[in-house]
Structure formats: C-alpha cells, structure tokens
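No hydrogens, no waters, no symmetry mates; every other heavy atom, side chains included, goes into these values. Protein chains get the first letters and strands the later ones, always in sequence-line order, with residue 1 at the start of each.
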Amino acid sequence: MTGDTRWFLLAVFPKHKPQSSSRAMSQVRVRFAPSPTGFFHIGSARTALFNWLYARHTGGVFILRIEDTDKERNSAEFYNVIYDALNWLGLNWDEGPKVGGSGGGDFGPYLQSERAGIYADYLGKLKAAGRTYEKDGAVWFKLLGERSEVYDEHRKKTVTKVKVAPTVIDDLIRGRVERVEDEDFVIVRSDGNPVFHLVNVVDDLTMKITHVIRGEDHLSNTSKHVELFKAFGAPVPKFAHIPLILKQNGPGKMSKRDQGALVEEYQKRGYLPEALVNFLALLGWNPGDDREKMPIADIIRLFDLLGVNQSNARFDEKKLAHMNMAYLLALPPEEFLGRARDFFRSLGDNAVAKAALAAPEAYFQAVMQLCQSKLKSFEELPAYTVYFFTDEFPTDAKVREKVMTKGAPKERLQELMAALPAMDFASDAAIEAAIKELAAKGGLGFGDYQAVARLALSGTNVGPSITGMFRVFGRERVEQRLARLLATAGDS
RNA sequence: GUCCCCAUCGUCUAGCCCGGUCAGGACACCACCCUUUCACGGUGAGAACCGGGGUUCGAAUCCCCGUGGGGACGCCA
C-alpha cells in the first residue's frame, strides 16, 4: 500500500459482502465503464466517484467494467492507467478485473473483450425475435414502425426514418425525458465486433446493473439503450445523467488535451487524492448546506443522486488548489512526513529530492515539520526546501539586491555572527529572545536581522520562521552561511 | 440543420419542488488587521437571479416564448 492510498483506510467502509438472495434483489449495483484509451480524465474520475459514492451510500456494489471493444484503439498498458487512477483516488471496486486475484465477481468476465460469447448469445435472441437484419456486412437493430426515405442535410445522405413512439427516459437527475429514436443502428460491425450500444446494454443487463450513472453526453444514446432493453424483454435500469465538466477557459466540455484535465497530472504534482475527491464531489453536488471540506465518510453519508445538479460545471483549478492546501494543512505531522517522502521518491532523479532522501531522518523530519504549515502543495517542496538539503542553493538576485542595499546589512551580519556563540539553539523561543535582545541593544527591530539572515540562509525572502530555520540548521551551519554572505557582500 | 439537456456573483453553489427572508456560503480579486519574510488566519468591500411576456396582492422560485451555453446526431466509447 502506498502513501497515496493510505488515507482511504481511514474511511472504513466495508467492501461488498455476499448477501441473501432477497437482499441482493434490491441491492444497488452500479458500474463505471471506462475505455482504455491511455488517459484518465477528470470527468471520468467524477463519473467513477459518483458511482462509487452511490454504491457506498446505499451499501450497494461498485463494478468496474472495461469497455475495450474497439480493438483499433485499445492498448494493453492502457488498462493500468485506469486501475492506477482509481486506486490512487481510493475508489475501490467490488467486482471487476483485479479483484480477488484474477477478476472477482459472479458476473464476469469484466473485460468486454472477453465477453464475445455472451454478446453472441444475446445477438441470437435479437435475431430470433426478428429485430435484426444485415446490411453492408454489419448487423443492424431494427426499429418497429412505418419506414420512409428522407434526405438528411447534415449528413448529406438519404436515411431511412422509422415512425416510432417516443422513448421515455425516466432520469433520476433530469426527470422525464422523451426522445425519438427513429433510425435503425448498427449493433455488430462488419468485422464481427459488437458495437458499444449492444455490449453496454447486454453487460448492464447481465451484470444486473440497477442504476446507470454516467455523463450527460450519453443522454442521447439512452433512447437506443432503452429500446434494446425492451427488445430483450429486460427491465430497464434507472438512469442518472450527471452534468458535464466544462473546460476552465474557452467553450466546450473538458477534453483530454486541456490543461489540468488528467488525473495523472495531479498525482504527479503531489496533490492529495482526498482533496481532489472532495473537490470533484462538489462539482455538481453539494451536501445541502455550506460545508465544503468534508471527510469522505461524510460525503458518502450525505451523497444522493437527487442532490446532483442539472447544469454543467466549469472546472476551477484555483479552488482545487485551495482545497488541496486545506487538506495539506490538516494532515497529521507524521502523515505529512510520509507523504512528503513519497513525493520526493516520485521525483526520481531530481537533485533536491535525492538530497532530501539522503538526509538524516531526524533532520528531514525537522525540516518537514517546519514547512508543513507553509506549503500549498507538494509540488512546491523542492524549490521551497532546496537550501535545507544543499549548500549550493540558488540566490534570488532581486532579493539580494534589495536586502543588501537597505540599511547596514554587513553590520547586522557581523552582529549576528558575534551573538551566535552565546545563543541557545535549543528552542525557537530562545533564539528569538537572543535576536530581540541583540536588536534592542542597537535600537533596532527583529526584522532588521530577519531579512539579512534569511537571505544568508536561504537565498530568498520567503520561507518558514527564521528562528525555526536557525534551530534546524544549527549553530555551525548558520555561522557558515552568514559568513559566506558577508564575504561576498563586497562594497555594497 | 435536427433532436436532447441546462440557465443565481468572474467560478463552484444555497435558495426553486411547497411563490412573500437585506438572494447566503466558498474560490478568486481588493482593502485593512495579525505578523519575523512568505503564507495561514481574521475583518470588510465590490460582485448575480439571461431577456420578454404571462399567472399572482406578490415571481429567483410556477407557465410560455426568445436568447445564450452544453451535448448528441459514427461500422468511437
């Protein structure tokens, strides 16, 4: 178990356990059915999250099914992208690939590429019922009704329209939606592979899915699906079409190419998965009051499909960053420590990361404790802590210019150095007292020493408490760095 | 072009279903306070019911029409 997923253990929710058959009849069964394209999109993450939340809220079953019928587009290593993202987010599935060894659950296999026999069976039922025909080598689903040829200007071709009654979709989020599905559609390609609409319905049917929770972009497919369910004589699941996530700038829904659209990106940047989950939960849903930052257990308890919004939401990276900061601040110190170390490890060859990981445990811990309350995200860690782990840290030229031309920095450095031997490094308070005493003697303020000391120690003007820095560095290194700045101060 | 969905501060949203509160909160932005830098935090400011009709004593809330936004219209999923 990695540090990334450890948080989830705190939200103890029992995994699906076999139920009595009467119980199982009414048990909620939802699925997340991604396609292995090599990307895991923020929108997919939220769809998965809403499904997972609903399952956990109702004590139902969350199923992962991989929709890999398009052999042209799928690639073996892409499957792991899905598993990794879901695991990182803590969205554990009860049935699906990788469960209990080689794919657990009574309704498998959970990879569509392995379900060809099932699709053939169900195709047979449709054929037997006279609801299919072949055209151009493909199998089409036949709608029932009077037919007529119509020229479609948009598609620039003649199509066959079927006079049918509107399909009624009873949507948990949108209410009653009517749509006219008036053209036959392909269910098996000429290469013999079944099409999304067929396999999606057959799988939902055979996996006994009770609630189909998916993006609103599927709403217009739903009439096809409902007609297929009806053709199979199967009960139609409840639908819940959730609003889409729009890109933060410009028109349209978020797509893979948009900045910040991939879950992997936040993982790499050291965002906390619980922060991302909390943020995503709030995109289109809210607990009904002003609460925003909530433990996952609360979100599960409060989540309900009826509380989901109908309008699309624009992705706001700034709000996500704020959520992440709030979670980072609230992390228990030892937890922060572990995750900081995990983050440094994930950086691989990064020089600061290597130096940080090579540092003595106690020192590393002291530095992290000093910095926790200052960071907004782990991605800031290397730049923020570089000077703790190497003497060859960069100096901000502008800051140096500013600090070294104001007042009498060289004198301040000399006074500080002179005071060092007698300084008590045991506590921040003692260090603060010593510097204040020094300042008082010259009729100066703490700040007169703080700026120049910070520049010497860190090469910048931002960072944690200067007294804390003194303590962590220790007398000797403080002395060295003050001396080094003094030596290079020149005539300025 | 056709069909479907949606519409409250810049953004996420509460309020709408069961008409009557200064339309509330959060992010962002600005100011001030706190302070040892930078943050955090605190206080405060600015900021919205898309437009037009209707129903009603009264409409953000109910109805209709516009407009705007989004989605779908593949032998992709």
Side-chain angles (χ1 to χ4, degrees), chain A residues 33-37 67-70 72-74 112 135-140 150 152-156 159 166 169 171 173-175 177-183 185-197 199-200 214-224 241 243-244 246 248 251-253 279 282-293 306 309-323 325-326 329 371 373-376 380 384 399 403 428 432 435-436 439 445-451 453-455 458 460-469:
Chain A
S35 186
T37 58
E67 306 222 330
D68 54 353
T69 56
D70 185 356
E72 297 292 311
R73 301 202 326 185
N74 297 327
Q112 287 183 336
K135 192 175 96 183
D136 304 330
V139 180
W140 294 65
V150 173
D152 184 310
E153 295 199 23
H154 181 64
R155 284 176 287 179
K156 307 249 182 280
V159 297
I169 301 156
D171 194 283
I173 294 171
R174 291 168 203 276
V177 177
E178 276 189 19
R179 192 170 180 283
V180 177
E181 190 64 49
D182 61 358
E183 282 179 42
F185 52 92
V186 170
I187 50 177
V188 180
R189 298 188 189 92
S190 50
D191 65 5
N193 285 311
V195 168
F196 164 71
H197 302 299
V199 298
N200 190 270
R214 50 167 38 158
E216 200 225 60
D217 49 344
H218 283 292
L219 188 53
S220 40
N221 288 326
T222 306
S223 45
K224 287 187 179 71
H241 286 95
L244 302 180
L246 270 25
Q248 32 190 355
K253 64 173 177 176
F279 171 78
L282 258 19
L283 235 43
W285 173 82
N286 69 80
D289 56 33
D290 288 340
R291 270 179 296 178
E292 294 204 329
K293 181 172 178 287
L306 269 14
N309 280 210
Q310 301 175 317
S311 49
N312 295 340
R314 206 167 283 276
F315 186 79
D316 184 358
E317 216 175 337
K318 286 226 177 87
K319 186 143 188 174
L320 169 58
H322 180 266
M323 185 67 82
M325 181 197 69
L329 247 36
C371 295
S373 65
K374 297 293 190 170
L375 290 172
K376 291 192 159 176
E380 299 173 345
Y384 201 81
V399 171
V403 172
D428 291 15
E432 183 176 339
I435 296 175
K436 279 189 171 163
F446 189 101
D448 292 301
Y449 293 93
Q450 188 270 147
R454 184 177 297 283
L455 176 64
S458 69
T460 179
N461 64 346
V462 303
S465 148
I466 191 69
T467 55
M469 286 167 66

Next on the checklist: Is there aromatic stacking of A/His154 on B/U2 here, judged by a ring-centre distance under 5.5 Å and a plane angle under 30°?
Outcome noted: no
Checklist entry - Is the base of B/C63 syn or anti, where syn means the angle lies within 90° of 0? => result anti
Checklist entry - Whole-Å distance between B/U35 P and A/Ile435 CD1? => result 18 Å
Item to check | Side chain of A/Arg155 (C-beta onward), nearest among B/C73, B/G70, B/U36 | outcome: B/C73
Checklist entry - Any donor-acceptor pair under 3.5 Å between the side chain of A/Lys318 and the base of B/C27? => result no
Checklist entry - Should A/Gln310 be listed as having a side-chain N or O under 4.0 Å from OP1 or OP2 of B/C5? => result no
Checklist entry - Does A/Ser465 get its side chain close enough to the base of B/U37, under 3.5 Å, for a donor-acceptor pair? => result no
Next on the checklist: Rounding to an integer number of angstrom, what distance separates B/C50 and B/G15 when you compare their P atoms?
Outcome noted: 16 Å
Checklist entry - If you check every side-chain atom of A/Asp290, which of B/U36, B/G25, B/C73 has the closest atom? => result B/G25
Checklist entry - Nearest-Å distance, CG (A/Leu219) to P (B/C73)? => result 12 Å
Checklist entry - If you measure from the C1' atom in B/A47 to the same atom in B/C30, how many Å do you get, rounded? => result 12 Å
Checklist entry - Do A/Asn312 and A/Lys253 come close enough that some side-chain heavy atom pair is under 4.5 Å? => result no
Next on the checklist: Over all strands shown, is A/Asp136 touching base, sugar-phosphate only, or nothing at heavy-atom distances under 4.0 angstrom?
Outcome noted: base
Checklist entry - Taking atom types as they are modelled, is there a donor-acceptor pair under 3.5 Å from the base of B/C73 to the side chain of A/Ser220? => result no
Next on the checklist: With a 3.5 Å limit on both atom pairs, tell me what B/C62 is paired to, counting Watson-Crick and G-U wobble, or say none.
Outcome noted: B/G54
Item to check | Of the listed nucleotides B/U36, B/G70, B/C12, the one nearest the side chain of A/Ala313 | outcome: B/C12
Item to check | Closest listed nucleotide, where the reference is the side chain of A/Glu67 and the choices are B/A77, B/U36, B/G70 | outcome: B/A77
Checklist entry - Are A/Lys224 and A/Phe185 in a cation-pi contact, defined as NZ or CZ under 6.0 Å from the six-membered ring centre and within 45° of the axis? => result yes
Next on the checklist: Please report the distance separating the P of B/G71 from the corresponding atom of B/C12, rounded so that it comes out in whole Å.
Outcome noted: 15 Å
Checklist entry - Given B/U13, B/C4, B/C6, which nucleotide is nearest the side-chain atoms of A/Asn286? => result B/U13
Item to check | Pairing nucleotide - B/C49, Watson-Crick or G-U, each distance under 3.5 Å | outcome: none
Next on the checklist: Just N and O in the side chain of A/Lys156: are any of them under 4.0 Å from OP1 or OP2 of B/U2?
Outcome noted: no
Checklist entry - Per the atom types in the model, does the base of B/A39 pair as donor or acceptor with the side chain of A/Lys376 at under 3.5 Å? => result no
Next on the checklist: Does A/Gly447 reach a base, just sugar-phosphate, or nothing at all? Heavy atoms under 4.0 Å.
Outcome noted: nothing
Item to check | Minimum-distance pair of heavy atoms, taken over all atoms of A/Ser223 and A/Arg179 | outcome: OG-NH1, 2.8 Å
Next on the checklist: Any base atoms under 4.0 Å from A/Ile466, or only sugar-phosphate, or nothing? Heavy atoms, all strands.
Outcome noted: base
Next on the checklist: Taking B/U55 as the reference, what is the distance to B/U8 when you measure between their P atoms (whole Å, please)?
Outcome noted: 26 Å
Next on the checklist: If I take atom CG in residue A/Asp68 and atom C1' in nucleotide B/C76, what distance separates them, rounded to the nearest angstrom?
Outcome noted: 13 Å
Next on the checklist: So if I take every side-chain heavy atom of A/Arg454 and compare against B/A7, B/G41, B/U37, which nucleotide ends up nearest?
Outcome noted: B/U37
Checklist entry - Within the modelled atom types, does a donor on one side and an acceptor on the other bring the side chain of A/Asn221 and the base of B/A77 under 3.5 Å apart? => result yes
Checklist entry - Hey, is the side chain of A/Arg214 poking within less than 4.0 Å of OP1 or OP2 on B/A72, counting only N and O atoms? => result no
Next on the checklist: Given 3.5 Å as the limit, does a donor-acceptor pair link the side chain of A/Asn309 with the main chain of A/Ser311, or not?
Outcome noted: no
Checklist entry - Can you tell me how far C1' in B/G25 sits from the matching atom in B/C64, rounded to whole Å? => result 33 Å
Next on the checklist: What's A/His197 touching, base or sugar-phosphate or nothing? Going by heavy atoms closer than 4.0 Å.
Outcome noted: base
Item to check | Atom pair distance, as rounded to whole Å: CD in A/Glu181 and P in B/U2 | outcome: 18 Å
Next on the checklist: Considering every strand and a 4.0 Å limit on heavy-atom distances, what is the contact class for A/Gly284: base, sugar-phosphate, or nothing?
Outcome noted: sugar-phosphate
Checklist entry - How far does the P atom of B/C62 sit from the matching atom of B/G19, given to the nearest Å? => result 9 Å
Item to check | Pair partner, B/C18 [Watson-Crick or wobble, under 3.5 Å] | outcome: none
Next on the checklist: As a test of understanding, state which of A/Asn200, A/Val188, A/Val186 forms a side chain to side chain contact (heavy atoms under 4.5 Å, CB included) with A/Val195.
Outcome noted: A/Val186
Next on the checklist: Just to be sure I understand the rule, does A/Thr467 reach a base, reach only the sugar-phosphate, or reach nothing, if contact means heavy atoms closer than 4.0 Å?
Outcome noted: base
Checklist entry - Counting only N and O atoms by type, is there a donor-acceptor contact under 3.5 Å from the side chain of A/Asp191 to the main-chain atoms of A/Asn193? => result yes
Checklist outcome for this item: By nearest-heavy-atom nucleotide on RNA chain B, the more 5' of A/Pro243 and A/Glu216 is A/Glu216
Checklist outcome for this item: When both distances are under 3.5 Å in a Watson-Crick or G-U wobble arrangement, the nucleotide paired with B/G68 is B/C6
Next on the checklist: If you only use heavy atoms from C-beta on, which nucleotide in B/C75, B/U36, B/G71 is closest to the side chain of A/Asp217?
Outcome noted: B/G71
Item to check | B/A72 to B/C27 separation - P atoms, rounded to the nearest Å | outcome: 33 Å
Checklist entry - Touch check for A/Gly252, heavy atoms < 4.0 angstrom, all strands: base, sugar-phosphate only, or nothing? => result sugar-phosphate
Checklist outcome for this item: 5'-most contact on RNA chain B (nearest-nucleotide basis), A/Leu320 vs A/Leu375, goes to A/Leu320
Checklist entry - Out of B/A39, B/C4, B/C12, which has the shortest distance to the side chain of A/Lys319? => result B/C12
Checklist entry - Does the distance from a Lys or Arg side-chain N to an Asp or Glu carboxylate O, for A/Glu216 and A/Arg174, drop under 4.0 Å? => result yes
Checklist entry - Thinking salt bridges, do A/Asp316 and A/Lys319 make one under a 4.0 Å N-O criterion? => result no
Next on the checklist: Using modelled atom types and a 3.5 Å cut-off, is there a donor and acceptor pairing between side-chain atoms of A/Glu183 and backbone atoms of A/Val159?
Outcome noted: no
Next on the checklist: Taking pairing as Watson-Crick or G-U wobble with both contacts under 3.5 Å, can you name the mate of B/G74, or confirm there isn't one?
Outcome noted: none
Item to check | Spacing between A/Ile187 atom CD1 and B/A77 atom P, to the nearest angstrom | outcome: 13 Å
Item to check | Gap in Å between the two C1' atoms, one belonging to B/C9 and one to B/C22, rounded | outcome: 16 Å
Checklist entry - Just checking, any donor-acceptor pair under 3.5 angstrom between side chains of A/Thr467 and A/Ser465? => result yes
Next on the checklist: Please name the nucleotide paired to B/A39 by Watson-Crick or G-U wobble geometry with both distances under 3.5 Å, or report none.
Outcome noted: none
Next on the checklist: Base, sugar-phosphate or nothing for A/Pro464? Non-hydrogen atoms, less than 4.0 Å.
Outcome noted: base
Checklist entry - Ignoring hydrogens and angles, does a donor from either the side chain of A/Lys436 or the base of B/U36 sit under 3.5 Å from an acceptor on the other? => result no
Item to check | Minimum-distance nucleotide to A/Lys374 side chain [options: B/A14, B/C38, B/A77] | outcome: B/C38
Next on the checklist: Side chain of A/Phe196, heavy atoms from C-beta onward: which of B/G70, B/C12, B/A77 has the nearest atom to it?
Outcome noted: B/A77
Checklist entry - What does A/Glu183 touch in the nucleic acid at a heavy-atom separation under 4.0 angstrom: a base, only the sugar-phosphate, or nothing? => result nothing
Next on the checklist: Could you tell me how far apart A/Arg291 (CZ) and B/A26 (C1') are, to the nearest whole angstrom?
Outcome noted: 14 Å
